[in-house]
Amino acid sequence: MTRSAGKRNSGRLCSLYESLLSEFGPQGWWPTIGSQHPASGSQEMAFLYHPGDYSFPRTEEERFGIIAGALLTQNTNWKNVEKALLSLHGSGNLSPERILSLPLSELETLIRPAGYFRQKARRLKSLSEAYLKADGDKETEELRKYFLSINGVGPETADSILLYAYRRPSFVIDAYTRRMCSSLNLFHGRTYDDYRNFFQSNLPPEPGLFNEFHALMVEWGKRNQKKPI
DNA sequence: AACCAGGACGTGA
DNA sequence: TCACGTCATGGT
């Protein structure tokens, strides 16, 4: 990659980001559980987005909810994941310690709406154990390798955990990102890491930027799946 | 009623 | 490496 090609890609990415942001607005990822009507004291829980807030997860449950959600949403509609996470929360089990102490069959029942529930129940236990043992002071790429070594955690899940739960500058690549790259003739790569390297080498390593950019591309994908551009 | 959704893994060639 | 089957629920 020549220096001029690199600058050209950076420019394209930055203007793409700006136009997506002005068209769709801040997406407020990652959604977390909160009460829907805090002022009225209603206890009805729902998933809340927080547009423009790129700060660290506020509570331990919030952070673990992101991690569990990243695993549960694999090849699954997010609405189904919400049901699973709400049942974990509602039963007081949305923590790594509680997940580990739950009998496997009970965990399966709680997360059933998220699909692949047998596989995901086992993997959620191993991820919980790994999360408890994780060294949050590790350098980003080392922490990434650590999570990638856990069964059930592939590159997209690892990067979602790093970016949204740890606020590390690790760019998340998903099916929408690839579709967008090819349909805009922006980049064509072979592997996951090809795409990740493309974004990371052409953007400043800011977690807030990576956060919003990924979420915006997902929104673009959702809007353009029925009515292609 | 097939098809898709914010993937990952095991297998055989 | 890589193509292919498997894992499962819920909405369209």
Side-chain angles (χ1 to χ4, degrees), chain A residues 20 24 26-33 46-51 54 57 62-88 104-131 144-166 170-183 188-196 199 207 210-228:
Chain A
L20 285 174
F24 300 152
Q27 299 298 299
W29 278 34
W30 187 281
T32 54
I33 297 176
F47 277 81
L48 304 177
Y49 293 76
H50 28 272
Y54 306 114
E62 240 182 57
R63 180 196 249 185
F64 183 71
I66 295 170
I67 291 172
L71 179 80
L72 293 174
T73 198
Q74 291 171 1
N75 202 35
T76 300
N77 189 300
W78 176 253
K79 286 296 175 187
N80 290 6
V81 177
E82 290 188 348
K83 294 174 185 173
L85 289 172
L86 281 174
S87 72
L88 285 173
L104 189 57
S105 61
E106 288 184 32
L107 182 56
E108 288 176 349
T109 302
L110 287 168
I111 69 166
R112 172 172 273 144
Y116 308 110
F117 62 90
R118 298 185 188 89
Q119 206 179 61
K120 284 177 177 175
R122 282 185 278 104
R123 292 176 175 180
L124 193 50
K125 276 178 175 284
S126 28
L127 179 56
S128 297
E129 186 176 357
Y131 171 55
R144 185 174 194 260
K145 283 177 192 168
Y146 171 76
F147 280 112
L148 282 176
S149 73
I150 309 307
N151 182 282
V153 178
E156 183 182 341
T157 306
D159 289 332
S160 295
I161 291 172
L162 289 172
L163 179 59
Y164 292 105
Y166 286 91
S170 197
F171 206 94
V172 180
I173 305 299
D174 57 22
Y176 292 131
T177 310
R178 297 172 190 242
R179 279 179 222 171
M180 179 152 193
C181 283
S182 69
S183 105
H188 183 273
R190 190 172 52 88
T191 67
Y192 181 97
D193 284 342
D194 289 341
Y195 285 90
R196 181 174 185 256
F199 282 91
F210 287 14
N211 171 333
E212 192 64 72
F213 207 158
H214 171 238
L216 285 167
M217 286 193 282
V218 171
E219 183 60 20
W220 179 90
K222 287 178 175 173
R223 295 194 190 201
N224 288 297
Q225 60 189 356
K226 289 189 174 180
K227 189 182 67 65

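Note on naming: letters A, B, ... go to the chains in the order of the sequence lines (proteins, then strands), and numbering restarts at 1 for each one. Since the structure is predicted, the reported quantities are computational estimates derived from the model, not experimental observations.
- Across all strands, A:Val153 comes closer than 4.0 Å only to sugar-phosphate atoms, never to a base (heavy-atom distances).
- Between the CZ atom of A:Arg118 and the P atom of C:dA8 there is a distance of 5 Å, given to the nearest Å.
- Between the CD1 atom of A:Ile67 and the OH atom of A:Tyr131 there is a distance of 4.5 Å, given to the nearest 0.5 Å.
- Residue contacts shown for A:Arg179 are limited to sugar-phosphate atoms, with no base heavy atom under 4.0 Å away.
- Among the protein residues, A:Leu148 comes within range of no part of the nucleic acid, since none of its heavy atoms lies under 4.0 Å from any strand.
- Take A:Glu129 and apply the side-chain hydrogen bond (donor to acceptor under 3.5 Å, both in side chains) test, not counting sequence neighbours, and it matches A:Lys133.
- Rounded to whole angstrom, the span from the NZ atom of A:Lys83 across to the P atom of C:dA8 amounts to 18 Å.
- Looking at A:Glu212, its side chain does come within 3.5 Å of a backbone N or O of A:Gln27 through a donor-acceptor pair.
- Looking at heavy-atom distances under 4.0 Å, A:Phe47 makes no contact with the nucleic acid at all.
- A:Gly154 comes within 4.0 angstrom of the backbone, heavy atoms only, and of no base.
- Rounded to a whole angstrom, the distance from the P atom of B:dG10 to that of C:dA8 is 14 Å.
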Q. Going 5' to 3' along nucleotides 1-6 of chain C, which nucleotides have protein heavy atoms under 4.0 Å from the base (write B), which only from the sugar-phosphate (write S), and which from neither (write -)?
A. -S----
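- With both ends at atom P, the span from B:dG6 to C:dG5 equals 24 Å, rounded to whole Å.
- Nucleotide C:dG11 holds its C1' atom 17 Å from the CH2 atom of A:Trp78, rounded to whole Å.
- A:Phe47 pairs by the ring-ring contact (aromatic ring centres under 6.0 Å, His included) definition with A:Trp78, not counting sequence neighbours.
- Annotation: side-chain hydrogen bond (donor to acceptor under 3.5 Å, both in side chains) contacts of A:Glu108 (sequence neighbours excluded): none.
- Residue A:Asn80 contributes atom CG, which lies 15 Å from atom C1' of C:dC7 at whole-angstrom precision.
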Q: Give the C-alpha distance, both sets of side-chain angles, the deciding distance and a yes or no for salt bridge (charged side-chain N to carboxylate O under 4.0 Å, His left out) between A:Glu219 and A:Lys222.
A: CA-CA 5 Å; A:Glu219 183 60 20; A:Lys222 287 178 175 173; 5.3 Å; no
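- Between A:Lys222 and C:dT12, a side-chain N or O to OP1/OP2 separation shorter than 4.0 Å is absent.
- Of all nucleotides in DNA chain B having an atom under 4.0 Å from a heavy atom of chain A, the first and last in 5' to 3' order are B:dA5 to B:dG10.
- Summarising the geometry, atom CZ belonging to A:Arg196 is positioned 8.5 Å from atom CD1 belonging to A:Ile173; distances are rounded to the nearest 0.5 Å.
- Proximity of a side-chain donor or acceptor of A:Asn211 to a complementary backbone N or O of A:Tyr164 within less than 3.5 Å is not detected.
- Among the atoms of the strands shown, none is found under 4.0 Å from any heavy atom of A:Lys120.
- Where A:Thr76 and A:Lys79 each meet DNA chain C at their nearest nucleotide, the meeting point lying more 5' is that of A:Thr76.
- Remark: A:Phe199 pairs with A:Phe171, A:Phe213 by the ring-ring contact (aromatic ring centres under 6.0 Å, His included) rule, at least two apart or across chains.
- Atoms NZ and CG, from A:Lys83 and A:Asn77 in turn, are 8.5 Å apart once rounded to the nearest 0.5 Å.
- The distance between atom CG of A:Leu71 and atom P of C:dA8, rounded to the nearest whole Å, is 12 Å.
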